**Q** 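One structure follows; several queries about it will come next.
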Amino acid sequence: MEKNKTYLLASILVMLVLLSLSPQVAAQEESIESLTESVDSLGTALTFVWLLLCGGLVFLMHAGFSLVEAGFTRAKNTANILMKNLMTVCIGVLIYWLVGWAIMYGDDVGGIFGFSQFCLSGADNAIWNAWFFQMVFAATGATIVSGAMAERTNFKAYLVFTGLLVAIIYPVYGHWVWSGTDLALLTGDGSWIVQMCGASFHDFAGSGVVHSIGGYAALAGVIVLGPRLGKFKNGKPQVIPGHNITFGFLGVLLLWLGWLGFNGGSTLDGSDAFMNLAVANTFLAAAAGAVAAMILTWVKTGKPDPSLTANGVLAGLVAITAPCGSVENWAAIVIGIIAGAIVYAGVMFNEAVLKVDDPVGAIAVHGYCGTWGLLAVGIFSVGMGNGILDGAVYAAGAPGLLYGGVNQFIVQVVGALAAIVWAFVVGLIVLS
Amino acid sequence: MEKNKTYLLASILVMLVLLSLSPQVAAQEESIESLTESVDSLGTALTFVWLLLCGGLVFLMHAGFSLVEAGFTRAKNTANILMKNLMTVCIGVLIYWLVGWAIMYGDDVGGIFGFSQFCLSGADNAIWNAWFFQMVFAATGATIVSGAMAERTNFKAYLVFTGLLVAIIYPVYGHWVWSGTDLALLTGDGSWIVQMCGASFHDFAGSGVVHSIGGYAALAGVIVLGPRLGKFKNGKPQVIPGHNITFGFLGVLLLWLGWLGFNGGSTLDGSDAFMNLAVANTFLAAAAGAVAAMILTWVKTGKPDPSLTANGVLAGLVAITAPCGSVENWAAIVIGIIAGAIVYAGVMFNEAVLKVDDPVGAIAVHGYCGTWGLLAVGIFSVGMGNGILDGAVYAAGAPGLLYGGVNQFIVQVVGALAAIVWAFVVGLIVLS
Amino acid sequence: MEKNKTYLLASILVMLVLLSLSPQVAAQEESIESLTESVDSLGTALTFVWLLLCGGLVFLMHAGFSLVEAGFTRAKNTANILMKNLMTVCIGVLIYWLVGWAIMYGDDVGGIFGFSQFCLSGADNAIWNAWFFQMVFAATGATIVSGAMAERTNFKAYLVFTGLLVAIIYPVYGHWVWSGTDLALLTGDGSWIVQMCGASFHDFAGSGVVHSIGGYAALAGVIVLGPRLGKFKNGKPQVIPGHNITFGFLGVLLLWLGWLGFNGGSTLDGSDAFMNLAVANTFLAAAAGAVAAMILTWVKTGKPDPSLTANGVLAGLVAITAPCGSVENWAAIVIGIIAGAIVYAGVMFNEAVLKVDDPVGAIAVHGYCGTWGLLAVGIFSVGMGNGILDGAVYAAGAPGLLYGGVNQFIVQVVGALAAIVWAFVVGLIVLS
Amino acid sequence: MAEMSEMRKVEAIIRPMKLEEVKSALADAGFVSMTVIDVRGRGQQKGLVQQWRGREYCVDLLPKTRVEVVVPERDVDQVVELIRNTAATGNIGDGKIFVIPVERTIRIRTGEEDDEAL
Amino acid sequence: MAEMSEMRKVEAIIRPMKLEEVKSALADAGFVSMTVIDVRGRGQQKGLVQQWRGREYCVDLLPKTRVEVVVPERDVDQVVELIRNTAATGNIGDGKIFVIPVERTIRIRTGEEDDEAL
Amino acid sequence: MAEMSEMRKVEAIIRPMKLEEVKSALADAGFVSMTVIDVRGRGQQKGLVQQWRGREYCVDLLPKTRVEVVVPERDVDQVVELIRNTAATGNIGDGKIFVIPVERTIRIRTGEEDDEAL
Ligand SMILES: Nc1ncnc2c1ncn2[C@@H]1O[C@H](COP(=O)(O)OP(=O)(O)O)[C@@H](O)[C@H]1O
Ligand SMILES: Nc1ncnc2c1ncn2[C@@H]1O[C@H](COP(=O)(O)OP(=O)(O)O)[C@@H](O)[C@H]1O
Ligand SMILES: Nc1ncnc2c1ncn2[C@@H]1O[C@H](COP(=O)(O)OP(=O)(O)O)[C@@H](O)[C@H]1O
C-alpha cells in the first residue's frame, strides 16, 4: 500500500504538473501563431515601406529627366520641355491607374496581355503598393520619349502618344516579362518561347521593359517627327548647344540616385538581401560608364566632353538594370564600360549615319544600352543559386555564355528583339 | 510486484519526461516573451526608420518651396527669398524645439493648448522621432507664408512673424486636432464641439493644420503688407513674370515627392498598411489637379499655362492631404480635379476681386485648397472600418455626405472655419 | 488491483497526454527557433533597407556639393566644376571598390591599415551593403577637396589626387577610427594611444574621418595650388562673387537632407533607436549654425550675408557629425552656434591671414568645424550609458569635460591632431 | 546728300526704371519708334557697394538703359525735352542725352529713305 | 582730317534670325569685320503678347539685332544694298539702316588709322 | 550750334578682360564718365572653336566690350592714346576705336548743355 500510495501521489503530482502544463503549451501555441503572424506582417510592412520609398526615388527621376532635357537644349524651349515632362508624369499616373495596370497585371489573356482590374477595382493595400511602384516605372518609360522628341513636338500630339504608351505599348511588353503568369510570352513556364529557348527571359528592373521600350518608341517618334530646324545642313549634323549644364548635371545625379530605388526595389521584397548586390552593381556600372565615355571623348576630341560623360553615367545605369542582380561586381564594371562606349558610338551613329536628331541622346542611352543590358544578362549571368547567387530568388535562371550556358543568351536575344520590334513598330503605327 | 514495478517504471519515465519538459516549456515561455519583445521593438524600429525618412522627404519640401518661390518671381529678389526660406527652416527647428512642441503636445490645458516639455525636456528616442517628424511639418506651415509675401517683406519682421507662427499659431491649432487628448477642441471625445457635431474632426496629414493655417496666415500677411510696387495700376492687376521656370518646375516635383513622406508618414506607424492607400490617392489627386488646371487655362486663355499647371499639382496635393486615408481612388481624382479648378479661380479672384498680390499663388493653393480638402473629407469619406477601410485605424470616423453621413461633414466645416478664423485673425493681430 | 488499475489508467492517461504534448513542445521549439531566425533576419533586412536609403541620401550630397560649388563661383568655370564633382563620385566608387575598402576594413596590419578583400573579393550581401554605405562616405570626403580647389585646378592632376585620397589617405585614417579591430590606432582597446589616454576616440559619423580629412587635404591642395588669378591684389583679398545663389542654396538644402542619412545611418543598425537622438541633434545644430553665422555677419557687415549663412548650416552639420549621438539637445545647439562663429572667423582668417583662396569656404567648414566637432565630443559627451544615453551602444565611452571627465577630451585632441597631420602632410607630399 | 544734316540720332542714357515713362511720353507725342539697349555706365554717380561672403566690393558701372530715337532735325528739341522731363529725378545718375548726326536712313523692308523711312 | 567724311558706320537693326544670312552675305562681299549688339526695339511693328499665370501681357519692345559695320564712304551703298537684300522679309519689323559719319578710325593693335585700320 | 564739331564720342571696342585697365587709366586721367556695352564682333580674328556632345563648332562672333566716352574735341587724342596704350596686347583681336561727331550733349538732371554737361 505504501508503494501504491507513493505511486498515487506521484501520479497525482504528474497530473497536476500536466494539467498546469497542457494549457500553458496550448497558450504558447497560440502566442507562437500570433507571433508568426506579427513577423509575417512586419515583413510585409518592411516591403511596403521599402517599395514606397524606392518608388519615391524613381519618381525623383522625373525631376532628373526634366533637368537633363531642359539643360541640354536651348533656353527658348525650356517651358515647353518642362510642361511636357510634368504632363508625362500626370498622364502616367492617371492612365496607368485607368488602363495600364489592368493590361499589365490583370487576368492573363493568352500570355499576351492582361484584362481586369481596370481603375484598380477591388484593390487593397498590397495592390496600391504594387501599383505605385509599377506606375512610377511606367511613367519613366514614357518620359524617355520626351527627351528624344524635345524642341519640336506638338504638345497635343505628344500627350496622346504618351497616353497610348502608358496604356498599351508599355504594359503589353511588361505583361510578357513581369506579369508572372504561366503563359507570359517571354518568362512564363508555359510559353512557347521559353520552352523553345530552354530558359526564361530575365529583365531584373527593366533594361527592356522600361528603357528599350522607351528608347525605341523614341526612335520611331524621332523618325516621324524629323530633325529640328537647322539640325542638318546639307545632310551634315550641326551643333545646337544646350543652355544650362548645371541643370543637366544635377539631373544626372538625381537620375543616378533614382536608380537606387529603380534597381534596389526591384526584388519587390524588403527582406531580400540581394537588393545589396543589385545596388552595388548599379553604382559600379554607372561609374564605369562615365569614366569610359569621358576617356573616349577625351581621346577622340582632345578634351573630356561633359554632356557625353553625363550620358555615360546613364548608359551604365540603363545597361546594368537588367543584369544587376545576376552578375558579379567585375562584370558590372565591364558592362558599364561597354555601355559607355556604346553611348558614344550610338550618338555619333544616330547623327552621322541615321541622320536622326536626338537632342539629349535618349535613343542611344535607353534604346541601345537597354538592348546591351538585356544581352549582358545572357553573357555574364552567374545563374540563380550558383556562387554569389546562392539563396537568390530573383535572378537570371541559367548561367550566361561566360559561365558555359547558351540558353539564357538565346532567350535574351529573343526578348531584346521583341522589345525593339514591338516598341518601334507600334510606335510608328501610332504616330502616323 | 511486477505490475507495480511496471507502474513504477512508467511513472518514473513520465516524471522524467515531465521534468525535462517542464523547464523546456518554461524556457519556451521566456523565449516567446523575448521574441514578442523583439518583434515589438522591431516594429517600433520600422516606424522610427519610416518616419525619419518621411521626415526627410518633408524637409525636402523646403527646397521645393524655395525653388518655386525663387523661380516664379523676379531675379533681383532671389537672394532675399532664399534667405527667407532658409531662415524659416532654421527658426522652425529651433522654435519648435523650444516652444512649439510644448504647446502642441505638452500636457493639455483645457483642450486649448499644451504646456510642458519645453525644450523637449525629458525626451527619449520615441519623442525625438516624433518631434522630428512634427517639426518638419511645422516648418512647412511657416514657409508657405514666405511665398505669398515674397518680393517685399522686411526681413526682420518676417523672422519675428515666422517665430510666432511656429511657437503659437501653428501648434495651438495643431493641439486642437492632433494632440490626441480627450479634450482636444476638434478631435477629443470630451470636447464640446465633437459632442455637438457627433463626429470627430479628421485632418489626416494637415490640409488644415499645415496648409490652411499657412495659407490664411499668408492672406493676413499679404493684406497687411500690400501689393508689390507696380502690381496694380489703377486697380488693374499687372503681370510680373517669374524669372526661371526650370527652378519653379523642379521645385514642384520636389514638393510632390515630399508629399510622399507628408501623407505616407502620417499614419505615424511603419506597420500600418494604409500608408499605401494614402500614397496612391496622393499621386492620383496631384495628377488630376495638374490636368484640370492645364485644361482650364488652355480653354480660358488659348494655351496651357505652365505656372498655373504647376500650381494645379500643388492644389491637388494640398486638397488630398486631409482625405487621402479615408477615400476611394476615384474620389481622390475628383478631389484633385476640383482643387485644380479652385486654384485657377482662386488666383484670379485674389488678383481681380480681393486685389491682393500673391506672387506664387500660395493663398489659393494652401488656403483655399486646404479648406476644400477638409470639406472633401466630409463629402467623400468612406467611414472608418467600412469597405476599403476595413482594418484602418487612422481615417475619418464617420462616412461623408456621399455615403449617407452628415455629422462628419458638419464637423469638417467647423474645423475648416476654425482654421481660417484662427490663422487669419491671429495673423492680423500679430502683424499689426 | 482496482487501485492498481486506476493507477494504470491514470498513468496511461498521463502518458498519452505527455505523448501528445512532447512532440508539440518539440515542434514549438522548432517554430520558436525558426521564428527567432525570421526576426533576426528581419532585423538585418531592416538594417539593409535603412543603410541603402541613408546611403542614397549621402549620395545626394554630391548633388549638393556640385550645386554649392557651381553656384558660389563664376559662370565660366561651371562645366569644369561639374565635371570634377561627377568624376569624384565615379572615381570614388571604382577606387573604393578596388582598394579603399581593403585598406580600411581588410585584415588589420598592426592597427595602421587593412590589407585584404581587394575588389571586394568574397563579398556577400552584408558586405555589399556595408561597402555601399562606406563608399558614399569616402566619395564625400574626396569631393570636399574639389570645392576648395575650384576654378583653377588642372583636371588630370585633380583626378589623380582624388584617386589617392580614396585609395589611401581616407581609408588609412578610417581604419584607425572605424575598423573595429583591437589594435585600431585611435579606437582599439589594444592600441597604445587608447591605453595612454584612458579612453577610446569617438567620431560618430565622421567629423574627423570624412570632414577633417577632406578639409585639411583641401588646405594642402590650396596651398600648393595658390590662389585664383586676381584673388589677391597687393596681398589684399579681392571679391570674386558667385554666379547663381539659387544653385548654392538648393545645394545647401540637399546637403542638409543628406546629413539625415549621414548621421542617422551611422549607428549602422536599423534597430538602434538612438538614430533619433542623432537626427534631432543634427537638425538643431544645423539651424543654430545658420542663425549664428547670419547674426554675426549682420552685426559685422550691416546685413545678413547669404553665402556665409549657408556656410553656417554646413558648419553646424559638420561639427555635430562626431558628437550627435553622445550629447544632449542643448549641447547640440551650443555646438552649432560655435561652429557658425568658427566658420565666419575661419573664412576671414584664411583670406586675410593665411592668404589662401578657398572659393566656397570648404576648409573652414570641413576642416575647422570638423576639428571643433571632434573636440566637442570631449567637452559635451554625456558618457555611454549615462542619462539620456541609457541603452546606447554607439556613443562616446567616457563623459566630457562638462560632465567631469578628462580622458575623453584628451583622446579627442589626439585624434583631431592625427587627422590634421595625416591629411595635411600626406596631402602636401602627394601634391608636390 | 541734301538731307544729310536733317536726321539726328538722339541717344539718351537713362535710369532703367524710367524706361516705361520715357517710352510712353515719346509715344504719346508721336515718337513710337525707338531702339533700346541695356548698358552700364558711370559718371558723377558713385558705384554701388555690394557684399559677398562678408566682404564689400564696389560695382562702379551701374546698369543704365539707352534709348535711341532717330528723328528729323526739326524734332530733336521736342524729343530732348520730352526725355528730359520724364527721365529726370534731380539726383545724380539721371543720365545724358547725346545728339548724333545721321547721314542716311533706310527702311529695310521697302528701301524708302530718310523722312519716309521713319 | 581729310578723311573725315570718308568713313561711315552703317548701323542695321535687323531680325535676330536674319543675322546668319546678313553675316555671310557681307562676308562673301568682303565685309568680314563687324560688331553685333542685341537690342530691343519698336517701330510700326506691334508688340508680342505673352502669358504668365493666366494673364496676357504685351512685350512692346521686341528683340532685335544691330549689326554695325564701319566702311569707307565709297562702300556704303554696297553694304546697305547687301543688308537690305538679305534682311528684308517684306513684313513689318524688318528694321532700319542708319548711316552715321565716322571721323576717325584707329586700330588698337597697331595704331593704324582710317582706311588702313579697317 | 557753334559747339557742334567740338564734341566727339570715342567708341572703343576692346577685349572684355581689358576693361578694368582701360577704365582706371581713363579715370586716372580724369575721364571718369563712360558707358559700357557688351557686344560681339569679328574682324581679322578667327572665331572660337567650342565643343558640344563630341562635335566641334565655331563661334565666329567673339565677345567684346565697347567703351564709349563722350569728350570735347580737344581731348580726343588723349583719350584715344590712353585706350590704345592700355587695351593693346599686340595680338589680332585687340579691337578698334571709332570717333563719331556729337552735335549736342545734354545732362538730363539739369538741362546743362555741352561742355558743362560732361
Ligand atoms: N562723358 C560720357 N560719355 C559717355 N557716357 C556718359 C558720359 N557721361 C555720362 N555718361 C553716361 O550717363 C550716365 C549717367 O551719368 P551721371 O554723370 O552719373 O549722371 P548725371 O548727369 O545726373 O550726373 C552714366 O552712367 C554713363 O552711362
Ligand atoms: N526712328 C527710329 N529710331 C530708332 N530705332 C528705330 C526707329 N525706327 C525703327 N527703329 C528700329 O527698327 C526696328 C524695326 O522697325 P519697324 O518699324 O518695326 O520695321 P519696319 O521698318 O519694317 O516697319 C525697331 O524695332 C527699332 O529697333
Ligand atoms: N569695320 C568694322 N566695323 C565694325 N566693327 C569692327 C570693324 N572692324 C573691327 N570691328 C570690331 O573690332 C573687333 C576687333 O577687330 P579685329 O579685326 O579682330 O582686331 P584687330 O584690329 O586687332 O585685327 C571686332 O571683333 C569687331 O567687334
Side-chain angles (χ1 to χ4, degrees), chain D residues 1-14 16 18-40 63-73 98-118, chain E residues 4-15 18 21-22 25 35-47 57-68 71 73 76-77 79-103:
Chain D
M1 216 59 15
E3 297 92 344
M4 169 174 175
S5 62
E6 298 194 6
M7 284 293 183
R8 298 290 182 274
K9 176 155 80 159
V10 180
E11 287 190 6
I13 298 161
I14 61 172
K18 283 289 185 182
L19 177 61
E20 279 305 311
E21 245 175 282
V22 170
K23 227 170 56 185
S24 38
L26 287 172
D28 290 351
F31 305 100
V32 175
S33 303
M34 66 174 63
T35 298
V36 175
I37 315 183
D38 296 315
V39 302
R40 289 169 296 151
K64 297 278 167 189
T65 294
R66 184 156 86 193
V67 177
E68 305 186 1
V69 196
V70 176
V71 289
E73 213 278 312
F98 304 123
V99 180
I100 289 171
V102 173
E103 210 175 86
R104 279 171 67 194
T105 306
I106 301 105
R107 159 168 292 140
I108 290 177
R109 174 159 49 94
T110 56
E112 290 159 287
E113 290 237 353
D114 301 317
D115 264 50
E116 301 100 74
L118 289 180
Chain E
M4 169 171 174
S5 62
E6 297 195 6
M7 284 295 184
R8 297 292 182 274
K9 176 153 81 157
V10 180
E11 286 190 7
I13 298 161
I14 61 172
R15 299 182 191 275
K18 282 291 186 182
E21 246 174 282
V22 170
T35 297
V36 174
I37 315 182
D38 296 317
V39 302
R40 291 169 294 150
R42 66 175 186 188
Q44 296 177 7
Q45 191 180 12
K46 287 259 168 60
Y57 64 101
C58 181
V59 181
D60 55 3
L61 291 172
L62 299 175
K64 295 280 168 188
T65 294
R66 184 155 86 193
V67 177
E68 304 187 2
V71 289
E73 213 278 312
V76 167
D77 284 346
V79 167
V80 168
E81 214 43 42
L82 279 168
I83 295 175
R84 270 215 54 220
N85 288 342
T86 44
T89 66
N91 298 318
I92 285 187
D94 275 353
K96 298 276 191 305
I97 303 174
F98 303 123
V99 180
I100 289 170
V102 173
E103 209 175 86

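What's counted below: heavy atoms across the whole structure, side chains too, no hydrogens, waters or symmetry copies. Bear in mind the structure is a predicted one, so any value in this text is a computation, not a measurement. In what follows, chains are A, B, ... by sequence order, proteins preceding strands, each numbered from 1.
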**Q** Of all heavy-atom pairs between E:P101 and D:P101, which one has the smallest distance, and what is that distance?
**A**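 In terms of heavy atoms, the two residues are closest at CD-O, 3.3 Å.
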**Q** Would you mind telling me which of E:V76, E:I37, E:I13, E:I83 has the largest number of heavy-atom pairs within less than 4.5 Å of chain D?
**A**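 Going by pairs under 4.5 Å, I would pick E:I13.
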**Q** Does any heavy atom of chain D fall under 4.5 Å from the side chain of E:L61, the backbone, both, or neither of them?
**A**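 Answer is side chain: those atoms of E:L61 sit under 4.5 Å from chain D.
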**Q** May I ask you to name which of D:R66, D:E112, D:M34 has the most heavy-atom pairs under 4.5 Å with chain E?
**A**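 Sorted descending by pairs with chain E, the first entry is D:M34.
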**Q** Given the options D:T35, D:L19, D:I106, which has more heavy-atom pairs under 4.5 Å with chain E than any of the others?
**A**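 Of the candidates given, the most pairs with chain E belong to D:I106.
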**Q** Let me know if E:K64 has heavy atoms under 4.5 Å from chain D in its side chain, its backbone, both or neither.
**A**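 Neither the backbone nor the side chain of E:K64 comes within 4.5 Å of chain D.
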**Q** Between E:E81 and chain D, which part of the residue has a heavy atom less than 4.5 Å away: side chain, backbone, both or neither?
**A**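 Nothing of E:E81, per the 4.5 Å heavy-atom cut-off to chain D.
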**Q** With a 4.5 angstrom heavy-atom cut-off, could you sort out which part of D:E68 is near chain E: side chain, backbone, both or neither?
**A**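 When you check distances to chain E, only side chain atoms of D:E68 fall under 4.5 Å.
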**Q** Could you check whether any side-chain N or O of E:R42 sits under 3.5 Å from a backbone N or O of D:V32, counting only pairs where one atom can act as donor and the other as acceptor?
**A**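 Such a contact is found between E:R42 side chain and D:V32 backbone.
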**Q** Out of curiosity, E:F98 CZ to D:R104 CZ, how far, rounded to the nearest 0.5 Å?
**A**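 So the gap between those two atoms works out to 13.0 Å.
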**Q** Could you measure the distance from the CD atom of D:E103 to the CD1 atom of E:I100? Nearest 0.5 Å is fine.
**A**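 The CD1 atom of E:I100 is 9.5 Å from CD of D:E103, to the nearest 0.5 Å.
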**Q** Which region of E:N91, side chain (C-beta onward) or backbone (N, CA, C, O), has a non-hydrogen atom less than 4.5 Å from a non-hydrogen atom of chain D, or is it both or neither?
**A**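 Just the backbone, heavy atoms under 4.5 Å.
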**Q** Less than 4.5 Å to any heavy atom of chain E: does that hold for the side chain of D:V70, its backbone, both, or neither?
**A**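 For D:V70, side-chain heavy atoms alone lie under 4.5 Å from chain E.
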**Q** Checking E:V39 against chain D: side chain, backbone, both or neither under 4.5 Å from a heavy atom?
**A**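 Contact with chain D is through both the backbone and side chain of E:V39.
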**Q** Which residues satisfy the side-chain contact (heavy atoms from CB on, under 4.5 Å) test with E:D38, sequence neighbours excluded?
**A**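 Residues passing side-chain contact (heavy atoms from CB on, under 4.5 Å) with E:D38: E:T65, F:R40.
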**Q** I'd like to check E:R84 versus D:R107 (side-chain heavy atoms, cut-off strictly below 4.5 Å). Are they in contact?
**A**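 No; the side chains remain at least 4.5 Å from each other.
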**Q** Can you see which heavy atom on D:S33 is nearest to which on E:G43, and at what distance?
**A**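 That would be OG-CA, 3.3 Å.
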**Q** Pick whichever of E:G41, E:A87, E:A12, E:G95 has the most heavy-atom pairs under 4.5 Å with chain D.
**A**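 Ranked by contacts with chain D, first place is E:G95.
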**Q** Kindly indicate whether the side chain of D:I108, heavy atoms from C-beta on, has any atom under 4.5 Å from the side chain of E:I14.
**A**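 Yes. Closest side-chain heavy atoms under 4.5 Å.
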**Q** Who pairs with D:E20 by side-chain contact (heavy atoms from CB on, under 4.5 Å), at least two apart in sequence or on another chain?
**A**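 Partners of D:E20 by the side-chain contact (heavy atoms from CB on, under 4.5 Å) criterion, ordered by chain and then number, come out as D:K23.
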